Protein chains: 2
Amino acid sequence: MKKNFDMFDQFPDLSEEAKRAFEAELDVISVDKGGLLEQEGQVCNHLYFITEGSARSFYTRDNKDITVSFSLEGEFLTAMHSFISRKPSYENLEAMEKTKVGRIKYESLLKLFEKHHDLERAYRLILEQYYITLEEQLIFTKFKSARDRYLDLMEYRPKIIQRASVGQIASYLDMSIETLSRIRARI
Amino acid sequence: MKKNFDMFDQFPDLSEEAKRAFEAELDVISVDKGGLLEQEGQVCNHLYFITEGSARSFYTRDNKDITVSFSLEGEFLTAMHSFISRKPSYENLEAMEKTKVGRIKYESLLKLFEKHHDLERAYRLILEQYYITLEEQLIFTKFKSARDRYLDLMEYRPKIIQRASVGQIASYLDMSIETLSRIRARI
DNA sequence: ATTATCTTTTGAGAAAAGTCAATTAATCAG
DNA sequence: CTGATTAATTGACTTTTCTCAAAAGATAAT
C-alpha cells in the first residue's frame with residue numbers, strides 16, 4: 001500500500017527495528033471536519049502525524065477562538081505544552097477537513113525510548129523542530145505589520161489561506177477579523 | 001567545595017557515572033559585565049549553566065538591541081535556535097554583570113549521548129523547558145497590555161528589573177523605552 | 001569638580017490596529 | 001430551494017502605543 005506521506009522520511013538514520021516497533025504502536029484514526037483530536041482541560045496523550053487532510057490548534061479566550069498553529073499533511077502534531085508537561089492542555093486540536101492521522105500514546109513513546117535509543121533522538125528532533133517554528137513565529141510576529149504578516153503567510157504557507165477561515169487566520173496572525181478583511185481588500 | 005547552584009539538582013535520576021562524565025567535559029568560564037559568551041553570525045557551540053551572575057540574549061535590528069531573554073544563576077542558557085539547527089546565530093549572549101558559567105561543547109554533548117542515555121534524556125528536559133518558556137512567553141505577550149506585561153515581569157521575575165536597564169527591559173517586553181518609562185511613572 | 005556622554009523622563013502629535021455597528025455574502029438544515 | 005444562521009466586509013470612531021523632540025538625570029573620564 002502506497003502512502004503519500006511517510007513520517008520516517010524525516011529520519012533517515014532510524015533503524016528498521018525502531019521503525020517497526022514504532023509502527024506497531026501506531027493507531028490510525030480518521031476524523032471528520034471539525035472533529036477534535038485533543039480537548040482543552042485534558043492532558044494531551046498523543047503525538048500525531050497527519051497523512052491526509054489538515055488540522056489546527058486553538059484555544060479559547062473571552063469566548064473567542066484563537067488559532068495557535070496550522071498543520072498539514074506530512075507534519076507531526078500535538079498539544080506540545082501539555083504533552084511535555086503532562087498538565088491539562090489549554091489547546092484543542094481540530095481537523096479542518098476530513099483528516100487521517102497516525103498517533104502514538106505518550107506512554108508507548110516513553111517505553112519505546114527505553115529500547116530504541118534512536119527513537120528518542122528522532123523525538124528530540126521533532127521537539128527541536130517545534131521549538132524552531134515557535135521561535136521563528138515569535139520573532140516574525142514581533143517586527144511585522146499586520147499587512148506583512150499576512151503577505152508572509154501567503155508566500156510561505158499559501159495552503160493555509162485556502163483551507164482556513166478568515167477568523168482562524170486573523171487570530172493566528174494576531175489581528176482582528178476586520179483588519180484582515182481590510183488587508184485582503186487592499187492587496 | 002560548596003556550590004550555590006548545582007545543575008544536577010534538576011535531574012535527580014541521573015546516574016553518578018553520567019554526572020562525572022558530564023562534569024569532565026565542562027569548562028568553567030568567567031566573564032566580566034558586558035562580555036559576550038556567544039556572538040551573532042557564528043554557530044553557537046555551547047550549552048551554558050550559570051553558577052554566578054546573570055546574562056541576557058539579544059539581537060540587533062535596525063541598529064537597535066532587542067533583548068530576547070534573561071537568565072539568572074541556576075539556569076541553563078544557550079542560543080537555542082543556532083545550537084539546535086547548527087546554523088549561524090542571530091543572537092548574542094552577554095553577561096549582565098561579572099558572571100561565572102560552566103559550559104559544554106555541542107560535540108561533547110552528542111558524544112556523551114552515545115554512552116549515557118540518561119544525559120540525552122536530561123538534555124531533552126532542558127529543551128522541553130526552553131520550549132515551554134517560549135510558548136508561555138508567546139501567549140503571555142499576545143494578550144496583555146504594555147502595562148500588564150510589565151506588572152507580570154515585576155511579579156514573576158523581579159530580579160530582572162533590578163539588574164537590567166530600561167532599554168533592555170523595554171525591548172524584552174516589546175514596547176518602546178518611552179512607554180516603559182511612562183508605565184513606571186504611573187504605577 | 002566639570003565636561004561629555006549616555007540613559008531616562010516628559011510632552012505633543014501621528015499611526016496602526018481595535019471596537020462597535022450596520023450591511024452583504026456564504027453556508028447549512030429542513 | 002429557501003429561510004435561518006453564521007461569516008465576512010465596510011464605515012465611523014476610539015484607543016493604544018509609537019515616534020520625534022527636548023529636557024532632566026546619571027555615569028564616567030579627565
Side-chain angles (χ1 to χ4, degrees), chain A residues 31-36 54 56 58 60-67 70 92 94-98 137-154 158 160-187, chain B residues 32-35 54 56 58 60-67 70 92 94-98 137-154 158 160-187:
Chain A
V31 211
D32 286 335
K33 179 174 181 172
L36 290 180
S54 56
R56 71 185 181 107
F58 70 98
T60 306
R61 178 121 186 175
D62 306 331
N63 287 320
K64 277 177 294 186
D65 153 336
I66 290 124
T67 297
F70 294 104
N92 302 278
E94 180 195 79
M96 294 171 67
E97 58 196 302
K98 189 161 176 35
Q137 199 180 336
L138 190 70
I139 304 292
F140 155 87
T141 312
K142 212 161 181 162
F143 275 100
K144 303 215 163 156
S145 65
R147 182 162 193 277
D148 287 348
R149 295 200 298 278
Y150 181 70
L151 293 179
D152 273 12
L153 187 66
M154 273 186 77
I160 286 168
I161 291 173
Q162 291 150 27
R163 300 196 203 179
S165 73
V166 172
Q168 288 166 4
I169 297 171
S171 67
Y172 175 69
L173 295 176
D174 198 16
M175 63 183 77
S176 69
I177 288 176
E178 293 93 328
T179 296
L180 178 54
S181 187
R182 283 185 249 268
I183 287 167
R184 294 173 89 139
R186 286 183 194 78
I187 267 176
Chain B
D32 286 335
K33 180 174 180 171
S54 56
R56 70 184 182 109
F58 70 98
T60 307
R61 177 118 186 179
D62 307 330
N63 287 320
K64 278 177 293 187
D65 153 337
I66 289 124
T67 298
F70 295 104
N92 302 279
E94 180 196 79
M96 294 172 67
E97 59 197 301
K98 190 162 174 35
Q137 199 180 335
L138 191 69
I139 304 293
F140 155 87
T141 312
K142 211 161 182 165
F143 275 99
K144 303 214 163 157
S145 65
R147 181 163 194 275
D148 288 348
R149 297 199 297 278
Y150 181 70
L151 292 178
D152 273 13
L153 186 66
M154 274 186 76
I160 285 168
I161 291 173
Q162 292 151 28
R163 300 195 204 178
S165 74
V166 173
Q168 288 167 4
I169 296 171
S171 66
Y172 176 69
L173 295 176
D174 198 16
M175 63 183 77
S176 67
I177 288 176
E178 293 93 328
T179 295
L180 178 53
S181 185
R182 283 183 249 267
I183 288 168
R184 294 173 90 139
R186 285 181 196 80
I187 268 177

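Note on naming: letters A, B, ... go to the chains in the order of the sequence lines (proteins, then strands), and numbering restarts at 1 for each one. Since the model is a prediction, treat every value here as computed from it, not as a measurement.
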Check your understanding: What's the OH-C1' distance between B:Tyr150 and D:dT17, to the nearest Å?
Key -> 18 Å
Check your understanding: To the nearest Å, how far apart are A:Phe143 CZ and D:dC18 P?
Key -> 11 Å
Study note, to complete from the structure: Whole-Å distance, A:Arg186 CZ to C:dA17 C1', equals 12 Å
Point to revise | Rounded distance (Å) that lies between atom C1' of C:dC6 and atom CG of B:Asp65 | key: 14 Å
Exercise for review: Would you mind reading off the distance between A:Lys33 atom NZ and C:dC28 atom C1', rounded to a whole angstrom?
Suggested key: 11 Å
Review point. Could you state the NZ-C1' distance from A:Lys64 to D:dT6, rounded to the nearest angstrom?
Key: 18 Å
Practice item. Round to the nearest Å and state the distance from B:Leu173 atom CG to D:dT17 atom C1'. Key: 14 Å
**Study point:** A:Arg149 CZ to C:dA16 C1', straight-line distance once rounded to whole Å
**Key:** 10 Å
Check your understanding: Are A:Leu153 and A:Tyr172 close enough that some pair of their side-chain heavy atoms sits under 4.5 Å apart?
Key -> yes
Review point. Should we count CZ of A:Arg147 as having more than 12 external heavy atoms under 6.0 Å?
Key: no
Review point. Is a salt bridge present between B:Asp174 and B:Arg149, judged by a nitrogen-to-oxygen distance below 4.0 Å?
Key: no
Point to revise | Nucleotide of C:dG18, D:dT17, D:dC18 approaching B:Ser145 most closely (side-chain heavy atoms) | key: D:dT17
**Study point:** Short side-chain to backbone donor-acceptor contact, A:Thr67 and A:Ser171, under 3.5 Å
**Key:** no
Review point. Taking atom NZ of A:Lys142 as the centre, does the number of heavy atoms from other residues, nucleotides or ligands within less than 6.0 Å exceed 12?
Key: yes
**Study point:** A:Phe143 six-ring face occupied by B:Arg61 cation (under 6.0 Å, within 45°)
**Key:** yes
Check your understanding: Want to settle it: does B:Gln168 or A:Arg147 sit nearer the 5' end of DNA chain C, counting the closest nucleotide to each?
Key -> B:Gln168
Review point. Near DNA chain D, under 4.0 Å by heavy atom, which residues of residues 177-184 of chain A?
Key: A:Ile177, A:Glu178, A:Ser181, A:Arg182
